[in-house]
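One structure below.
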Amino acid sequence: MPILEGAQITGPLTLEADVCVVGTGAGGAVVAAVLAEAGARVVVLEKGGFYTAEDFSQREDDMMTKIEGGNGFTASVDGTTSFTYGECVGGSTVHYWADTYPIPDDRLALWNEAGVEHTKESLAPSFARVREIMHVVRAPESLMNDNNRLVRRGMEALGWRERGEVIEQARHGCVGSGYCQQGCAYNAKMSTLITYVPMASRAGATILADAPADQILLSGRRVRGVRAHVRDRTTHRRRHAVEVRAPRVVVAAGGIGTPLLLLRSAVPQKSGMIGKHFVVNPGYAVFGRFDEVLDNHRKPPCTYAIKGFRRVETRADGAYGEGGWIALSSHQYPGIHAVMLGGFGAAHRTRMLQYRHLASLYSVIDDEETGEVALGPGGQPRLTYRTRGRDVPKVRDFFSKCAKVLLAAGAGEVWLPDEAQTVVRTQGEADAVATRPIDLGGMLCAAPHLLGTCRMGPRPYHAVVDSWGAVHGVEGLTVADGSIMPTSISVDPSLTIMAMADAIAYRLAAAG
Amino acid sequence: MTGPWELSRRAFLQRSLAATATLAVPSVVLGGCRGAYEADLPRDLRLQALSAWEFVVLRAATARLLAGAEPLDPGAVAARADAHLATVGDPAVRDGVRWVLRIVEYGTPLAGKARPFSVLGVTAQDGVLQALATSRFLTPRTAFATVKLLSGFFHYTQDATWAALGYEGPWVGRVPLPPYRVDYGTRNAAPFVSGSTPYPRI
């Protein structure tokens, strides 16, 4: 069946299906493809537009409008945290970097202690299927840019070789343009847009783009469909009503969209946990200035990462010692780069002119402090999050150790992204960063992994869904995206979301 | 640095901005009233999301935040931000932008100034921006960061700014590389007519 775009819909629409899937990202597209291939009649609703490689202009402003949720302007109520998520067919997999990680064993074990049923062994077939379809391979040396090479050099110079790692990539035939975050114009970066979405489409699923879901339709505690609408892609004005009648609804609208839809639908819940436990893996950048001209804006952003400080190490007295983060080699194009650098006026301009001399590392903080996704006045989203408490020392440790790595790699100086424009020139100064106060509120915090807001667990009083995504207390309603993860997984969650969605979909297909 | 003295957005508005706005009222009346803002707009400008005063404040802030950048047209940057904001469906985003621009315009007492930001001299404006950026309160700092985001992003996404940075620009249009083909099944190019007829069963 074709992928239908909003402009093609000329009147109210009523569809009947076995399953309605909300969302086409890492969770929804996998579920749609598996169920459609199993013979189910599947209708998929996607809030964002349908763009393909030919639409990807490699321009930050244009692509932000096309593929980013909230046009790139979704932030916490206090303005400290910018949430990045996809809003297009393919969801966040269209803008993710395609550096790929399975869930760490220790994190799955932690979930098992809380009653989550999935194990490394039970998920293995799902990971294997997803890895094959997404063409996950070890990054070849030819795809490693200067930034990644310098970070590796710094790690080796510090004697931290075992703490760094070449990262697997979901790519096939990469041409090295470097515009992964703006949608791959060559269809070389694997995303659900070019894998699971076409699979679902070819298997007969009907996919509606520009069709935000408004409400899950319930009869008592039983699902009977989804009410949605088709909107104008540019103005977002409502155009036509859409109703999908289906006895099974799978919601995969992401860590923000899924809880909002459940809350708007007044889904009956004993836990009161919808929207709670919001974790985001706060991302901060640190820059090293090198004398040589670097090619960091080309090739994949992250083929090498610092993973050896992922787990928190405590001191003998139980206090925080180090770790609780991973660091990704990263790069930015000029627009976002300008936002991430500290200072303004002439000082900022001086730093901008060093664009081709900067290497950078970007944090994935394994956050323990949580925020909330809620409905505010008038039904508007109210997103509460701030890096605070136990997570602040992790950020300082990230800055400190990454400064050491960049200096060891040959950087003349290292810049923190604070408005005080902190400059680090020696290993001793880098060590001191770990314990000095730093203003996190004034620097850009980009939060890319939106998780935890419909967390899974066996007990209806403590969790929104069970281990298979089934919403406690509601028949026919399933969640299959990152929102079901009970904690951060401390690495990019895309592959794990896909594997869990695959496991959930196979279980649904088997149930008939 | 964060600390226990920080206030929520609502509390900050109630306690802090109420005071600063009170200080700013005479200046608003004398030099920054709505008519004055509109008179300060380019004649051919048609704002889509920002109001006249918001545009003027953003343009003034951009001129200082990006001082020294070549080429720099603060009005063009503010106009690009306005056009982008017009495409944002979530009204909370525009409300947020309006809120931070209000802090910039009327938060001048943080730097010891009693007139709105947009009518201050450049040295005083720099002082206000510095005070916002380094305020002990979280709210002015995040307001500064948001305005800097609008200015920096919509300036440095213009082609004319790239050469000085050594950035060559997109490959698309320069490097002839067609995408690998993806089969989405039958793509329906014709309008999909539904009317009152239910879509046929799948």
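Reminder, nothing fancy here: chain letters follow the sequence lines and each chain counts from 1.
Note that CD of A:Glu419 is 10.0 Å distant from CG of B:Leu129, once rounded to the nearest 0.5 Å. Here OG1 of B:Thr87 is found 6.5 Å from NE2 of A:His236. Values are rounded to the nearest 0.5 Å. Here the straight-line distance linking atom CZ of A:Phe50 with atom OH of B:Tyr184 works out to 4.5 Å at 0.5 Å rounding.
Only the side chain of A:Gln380 has a heavy atom closer than 4.5 Å to any heavy atom of chain B. Neither the backbone nor the side chain of B:Thr134 has a heavy atom closer than 4.5 Å to any heavy atom of chain A.
Using a 4.5 Å heavy-atom cutoff, the side chains of A:Ser57 and B:Val172 are not in contact. You'll find the side chain of A:Thr74 stays beyond 4.5 Å of the side chain of B:Val93, heavy atoms only. Looking at B:His84 and A:Phe73, their side chains come closer than 4.5 Å, going by heavy atoms from C-beta outward.
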Between side-chain atoms of residues 333-343 of chain A and protein atoms elsewhere (two or more places apart, or another chain), which donor-acceptor pairs fall under 3.5 Å?
residue: A:Tyr333; atom: OH; partner: A:Gly178; partner atom: O; Å: 3.2
residue: A:Tyr333; atom: OH; partner: A:His297; partner atom: O; Å: 2.4

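The salt bridge (Lys or Arg N to Asp or Glu O under 4.0 Å) pairs that include a residue from residues 340-350 of chain A number zero, where partners must be two or more places apart or lie in different chains.
Residues satisfying the salt bridge (charged side-chain N to carboxylate O under 4.0 Å, His left out) criterion with A:Arg356, sequence neighbours excluded, are B:Glu168.
Of the possible polar contacts, one joining the B:Thr142 side chain to the A:Asp78 backbone as a donor-acceptor pair under 3.5 Å is found. Here the side chain of A:Arg202 pairs a donor or acceptor atom with the backbone of B:Asp183 at under 3.5 angstrom.
Applying a 4.5 Å heavy-atom cutoff, the residues of residues 146-155 of chain B that approach chain A are B:Lys148, B:Leu149, B:Leu150, B:Gly152, B:Phe153, B:Phe154.
Ranked by non-hydrogen atom pairs under 4.5 Å with chain B, the options A:Gln354, A:Met64, A:His357 are led by A:Met64.
Relative ring orientation between A:His348 and B:Tyr156 is described as tilted, the plane-to-plane angle lying within the 30° to 60° band.
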